[in-house]
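Structure first, then comments.
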Amino acid sequence: MAEKTYLQAISDGLRQEMRRDKRVFVIGEDVGVYGGAFKVTLGFQEEFGPWRVIDAPLSETAIVGGCTGAAIMGLRPVAEMQFSDFISCGWDQLVTVAAKQRWRAGTPVPMTVRLPSGGGFSGGPFHSQNPESSFAHIPGLKIVCPATPEDAKGLLVTAIEDPNPVLYFEHKHLYRRIKAEVPDDRYTTPFGQARIHREGDDVSVITWGAMVWTAAEAAQQLEDDGISVEIVDLRTLVPWDKKAVLESVSKTSKVLVLHEDTHTGGFGGEIAATIAEEVFEDLDAPVKRLTAPDTPVPFSPPLEKAFIPQVDDVASALRELAEY
Amino acid sequence: MAEKTYLQAISDGLRQEMRRDKRVFVIGEDVGVYGGAFKVTLGFQEEFGPWRVIDAPLSETAIVGGCTGAAIMGLRPVAEMQFSDFISCGWDQLVTVAAKQRWRAGTPVPMTVRLPSGGGFSGGPFHSQNPESSFAHIPGLKIVCPATPEDAKGLLVTAIEDPNPVLYFEHKHLYRRIKAEVPDDRYTTPFGQARIHREGDDVSVITWGAMVWTAAEAAQQLEDDGISVEIVDLRTLVPWDKKAVLESVSKTSKVLVLHEDTHTGGFGGEIAATIAEEVFEDLDAPVKRLTAPDTPVPFSPPLEKAFIPQVDDVASALRELAEY
Amino acid sequence: MAIAREAEPVGSLQEVKEAGLDREDLLGVYRNMLITRGIEERGHILYKQGKIPGSFYTGRGNEAAAVGVATAMDDQDVGTPLHRDMGVHISRGVEPWRIFAQYMGRADGPTHGRDGNVHMADSRLGLLAMVSHLPAMLPVAVGCALAFRIREEKRVAVGWFGEGASARGDCHEAMNLAGVRKLPVVFVCDNNQWAYSTPTYLEYATEHVADRAEAYGFEGVVVDGTDVLAVYRESRRAIEKARGGDGPTLIECLTLRMEGHAVHDDAFYVPKDMFERWASSDPIERFRTWLREHAELGDAEEDEITSGVKKLLNEALTRAEESPLPDPSSLAEGVFATPEDLDTPHHK
Amino acid sequence: MAIAREAEPVGSLQEVKEAGLDREDLLGVYRNMLITRGIEERGHILYKQGKIPGSFYTGRGNEAAAVGVATAMDDQDVGTPLHRDMGVHISRGVEPWRIFAQYMGRADGPTHGRDGNVHMADSRLGLLAMVSHLPAMLPVAVGCALAFRIREEKRVAVGWFGEGASARGDCHEAMNLAGVRKLPVVFVCDNNQWAYSTPTYLEYATEHVADRAEAYGFEGVVVDGTDVLAVYRESRRAIEKARGGDGPTLIECLTLRMEGHAVHDDAFYVPKDMFERWASSDPIERFRTWLREHAELGDAEEDEITSGVKKLLNEALTRAEESPLPDPSSLAEGVFATPEDLDTPHHK
Ligand SMILES: Cc1ncc(C[n+]2csc(CCOP(=O)(O)OP(=O)(O)O)c2C)c(N)n1
Ligand SMILES: Cc1ncc(C[n+]2csc(CCOP(=O)(O)OP(=O)(O)O)c2C)c(N)n1
Ligand SMILES: [Mg+2]
Ligand SMILES: [Mg+2]
């Protein structure tokens, strides 16, 4: 057990898995000599050689499609997108080939795509997006969004082990900001089991990724006013832990669904709709959503601050609910 | 005024617009000599010549990106996807360039993409999809899904006139099945204004595209049992007519959101969540969704029938709501 | 300016033997071509009988190209054949009755009614099921080759694509990655001169598709796709070259699509004389003549083969028609794989 | 095997005159190169001062290539320059203070703080704002050319791409469409030998990127990207060829990226002697020497230019720093265009 950043947890988890399982290899732009844009694979090529840590050409389609083929041939590819934004260039391969191959043709595609995502440091419209909602709509893809170093490692190992295409969204704004104890040994964190980041009685927040920490700060604020907030960290969007969400909502009878991605058609809608359908009778207030507005992600700090839900935004949404 | 199929209405609307406005041109695979896979542009190349009715190579990225450039240069491109499924190959161009260019750089992109979509005739996993939800999540794209011949023409004209990238989903299962009177003259049908396909008092159905007709048959069934169903045809998903939906729900206090696309993360979630948030107090029952299950679209008729919501499925969902 | 090498036709039996096929093999090739065509001809009938839902696509004219390439593959090699490549499935040993079941959306088809047409494959025979999106399987084929390279296996992946689909980005990214990394993959272009209704000069601006190979640092070859032996010889060369670590080859098989794009299309846009010209070079007839001239195929033996194929297909059809339609309650199963699904020859 | 033509360096003033530039033009070119470098050097300082949010990218080493091509464009031509092509914006007349404002995320930058770095363009000057996704602007540039062809205008579109980005499908689809339809477009490859940390041999397997042009049916040319006059001459030829209806050209400008990929990258992976070798061929110094040798550039005139540029940039910086940060309440405006937005020179 040692304190590690979220980034180190990812890196260590991946290295450990590569040492354990020769079928695991890494491919992506600049993952080799350079160690990846965020240095997750720093030193990997030296340890595992150039055919297990592969510098790909600037070709997201070939990377995703290549991993699909290699996975079907029995390897366990881990692709790195330099930024999650660029997965748009691999969209067709993922949704057309990888996602549907098991159901259609019985061929499992055990591959993982690592996607550094999210904003908070003026990355602008193309280096800050949270594209998880788009993919969560496609049957056949699993979607992982860890919030803590411990989950970052455990969910990555589960992703690599999973016999399906898994999109692993690692939030860049957590990379070096969030540190915690991470077990040294190999372990897996199951998909589809939410984590109660904080227990509470008055209002539930359903969220994932970096927003877990924003919600936690807001909950802290509200505690001083005597409002007790429960935070449910989904950890994975596909599958998502409906049971945990509905239980929390039934307990508090008020809920805020929170995400960093834009509003319309975001995955928050799915969660809110499910709550409204399944525990309608338990609700004492409308199902509220707090998200980014329907715009691209802005570059300039004051705009970006207005775009990404801030602690104060969450706190006032929670207060409003509590007072309903 | 003459009776026209949905397909003729599209074809006539497009031809009329091309005659009126020299900036309008058509590009797509096999749209020229062949007249398009569904013959929407039959005879167009003879009338408008090979540079206004352009047979493109098998290159969805070049088609979508090409239209983006041509639109910025002042033309009014109308791209045809051979099947809406293939727009996955133009995903990046649409979401990365076309959708964001106005907001980022002030450059409007007035283009239309025609997308023959939907199932019902054993097209299988790649010729039957309804990808509108994925795009509805991307700020900057407008999404149109006509259900009637009159709307098919009017909304196409509005799409071509609109200064933004518009995805125009034409449901293949309506092409020759649905006929109605269509005005001969040019007219536009505004975006963001739902159409009450049928008035009713007990339950509302919110839907679009081919499902409008499925809902209408189900409503007919229920009428015999004395249950009065209101059908709201959204016509456009972005922008969507929140006001009309909320009004209908407030009136009936019970609502079924219905779509042919798959469940999780489908646009129905957005609508259901909005209803649960904004007219929570008016609801007498949970917000129900009826959609395709989370699988690819199957080929074999019994499977496809189980996949696409059928009249009986809608009727029993409505009955359940009415009895709640 | 043509850049690619233009392959010679094949002459004598001796030459063929040197290329690795004995007389028994040749008769097998002939048989596979007959089965291929027979399946698709019967498919047409089934379609007209209303037994095939949706649309229906065939590869008439492409039998030699498909069978020729597949015959050059070793057992442990893998491939991603397309909608004109029924001959690949047949050559790899797929049972015809399963294909009929697939056509008709029955439970015993390789996709159990979930997908249609040739959108199927038996992964135990080293084939990967195509998707409609063209040529999305090329990057996947390259990924197979990458796996072989990583594990240092002497296996080769074969990826098919149409000349129309050569215009798409997937083709470029796949070939470029394969070229840069010298992966053991062979790209086979089924150039049947039409992409639906679109002629080649609107799809690419070179003389041959194979001229593109240079742009990726490997060799391109154009071969007459109606000459099964020439296709075999060039494929064998390319596959062995790839197996030996010398990287990819692009083989372009020149044919004509002898029917419409699919069953609904009468191909009015194809000049009549083009059909006539290519009809005189029918791949099956051509090989039959060659076998009679060079390999002593006599009437009796030929009859035996023909009637054997007929019997096989008749029985297959009966068996397929007995296969039930899939159970709707199974629809939602198997969207996600379980660990047990990985228990296949390739995944281990 | 190289397929592309390798362009000769430019010699005399006379030769340059024939190519269409008089002495005044040449001094303008020099000035634009100085402004380009000056802006990016000041950008570095701003970055270190913490005034530029996010990351920061420059095109040091690419000034000649960018300015050379842009100088060869006519007013009515359009282009889609990239992150190494500041010189294009400058040559087309973008005011430096706006660029500083863009860097700093201010309200008066061309994107009003919505986007950063060189992700900007003034559409009234015929430029289209790049996106990060490389080379997604190539199909867009081809679309501009398509519009010119449809309207039968004598205009040309210029599309830039990096040698790394040449691996992507967008590059292929754009070039193929342009080749098939002989569209009036010129493709300019900024080959600075690195794609982030990736060397060229892992990006493509030909000798030159320009060797690929053949695969699309048009000519490829490799030019020394530090020789502004050679770049100009080849660009002018290609642009006029395109304007005349003779289709696309691929011009590859060979340079070295003289800094890290972005400000955070120390480029440890680039061999030291590679930097040294290319430093001796600095495009600005090279052109300065040429001007002194061939165009009688004297100390006084040079000082005047240099100090003029310095003054311009200092004033620009001051003005940019006075520009306010954008108003957060404006965030949601303009996701969708209104009809009035179409009231621009290009949209009419
Ligand atoms: C990405 C994509 N776009 C469009 C289609 C529709 N489509 C099916 S086959 C076809 C023509 C294919 O031509 P070619 O690649 O030459 O193959 P062929 O059918 O001639 O064998 C088209 C356009 C498709 N399958 N995939
Ligand atoms: C589609 C896509 N994938 C990844 C990136 C991340 N990225 C930014 S620049 C770069 C290298 C680009 O190399 P090159 O095309 O040679 O241009 P250069 O930066 O060298 O001018 C990469 C990988 C990107 N911008 N776009
Ligand atoms: Mg073809
Ligand atoms: Mg570069």
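Protein chains get the first letters and strands the later ones, always in sequence-line order, with residue 1 at the start of each.
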(message) Report which part of Glu333(C) has an atom under 4.5 Å of a heavy atom belonging to chain A: side chain, backbone, both, or neither.
(response) backbone

(request) Kindly compute the distance separating CG (Asp122(C)) from OG1 (Thr107(A)), expressed to the nearest 0.5 Å. (result) 9.5 Å

(request) Drop me the distance from Glu173(C)'s CD to Cys89(A)'s SG, to the nearest 0.5 angstrom. (result) 8.0 Å

(request) Please state whether the side chain, the backbone, both or neither of Leu127(C) comes within less than 4.5 Å of a heavy atom of chain A. (result) neither

(message) Can you confirm whether Lys39(A) is buried at NZ, in the sense that more than 12 heavy atoms of other residues, nucleotides or ligands lie under 6.0 Å from that atom?
(response) yes

(request) Could you list which of residues 132-146 of chain C have a heavy atom closer than 4.5 Å to any heavy atom of chain A, in residue-number order? (result) His133(C), Ala136(C), Met137(C), Pro139(C), Val140(C), Gly143(C), Cys144(C), Leu146(C)

(request) Would you mind reporting whether Arg102(A) and Asp341(C) have side-chain heavy atoms less than 4.5 Å apart? (result) yes

(message) Is it the case that over 12 heavy atoms from other parts of the model lie below 6.0 angstrom from the CD atom of Glu46(A)?
(response) no

(message) Rounded at 0.5 Å granularity, tell me how far CG in Leu342(C) sits from CD1 in Ile72(A).
(response) 11.0 Å

(message) Whether the side chain of Arg114(C) engages the backbone of Trp103(A) through a donor-acceptor N/O pair (distance < 3.5 Å, no angle test) should be reported.
(response) yes

(request) Output the option from Asn176(C), Val131(C), Thr111(C), Asp115(C) having the highest count of non-hydrogen pairs under 4.5 Å with chain A. (result) Val131(C)

(request) Sort by residue number and list every member of residues 109-117 of chain A having a non-hydrogen atom under 4.5 Å from chain C. (result) Pro110(A)

(request) Please look at His119(C) and chain A and tell me whether the side chain, the backbone, both or neither of the residue comes under 4.5 angstrom of a heavy atom of that chain. (result) both

(request) Please state whether the side chain, the backbone, both or neither of Lys100(A) comes within less than 4.5 Å of a heavy atom of chain C. (result) neither

(message) With a strict 4.5 Å heavy-atom criterion, list every residue of residues 152-168 of chain A that contacts chain C, or say none.
(response) Pro163(A), Asn164(A)

(request) Hey, could you give me each pair passing salt bridge (Lys or Arg N to Asp or Glu O under 4.0 Å) that has a residue in residues 48-69 of chain A? Not counting sequence neighbours. (result) Glu60(A)-Arg168(D)

(message) Tell me whether Gln93(A) contacts the main-chain N or O of Asp170(C) through its side chain, where contact means a donor paired with an acceptor under 3.5 Å.
(response) no

(message) Is it the case that the side chain of Arg104(A) and the backbone of Met130(C) share a donor-acceptor pair, with hydrogens and angles ignored and the cut-off at 3.5 Å?
(response) yes

(message) Which one wins on heavy-atom pair count under 4.5 Å against chain C: Ile27(A), Leu141(A), Ile63(A)?
(response) Leu141(A)

(message) Would you compute the distance between atom CD1 of Ile150(C) and atom CH2 of Trp51(A) and round it to the nearest 0.5 angstrom?
(response) 7.5 Å

(request) Count the heavy atoms of every other residue, nucleotide or ligand shown that sit under 6.0 Å from NZ of Lys242(A), and state whether that count exceeds 12. (result) no

(request) To the nearest 0.5 Å, tell me how far Phe148(C) CZ sits from Met73(A) CE. (result) 5.0 Å

(request) Report the distance from atom CG of Leu75(A) to atom CZ of Arg151(C), rounding to the nearest 0.5 Å. (result) 4.5 Å

(message) At a heavy-atom distance under 4.5 Å, which candidate from Gly169(C), Gly334(C), Ala147(C) has the highest pair count against chain A?
(response) Gly334(C)

(request) Assess whether atom CZ of Arg124(C) is packed by more than 12 heavy atoms of other residues, nucleotides or ligands within 6.0 Å. (result) no

(request) Heavy-atom distances under 4.5 Å only: say whether Arg181(C) touches chain A with side chain, backbone, both or neither. (result) both

(request) With a 4.5 angstrom heavy-atom cut-off, could you sort out which part of Ala98(A) is near chain C: side chain, backbone, both or neither? (result) neither

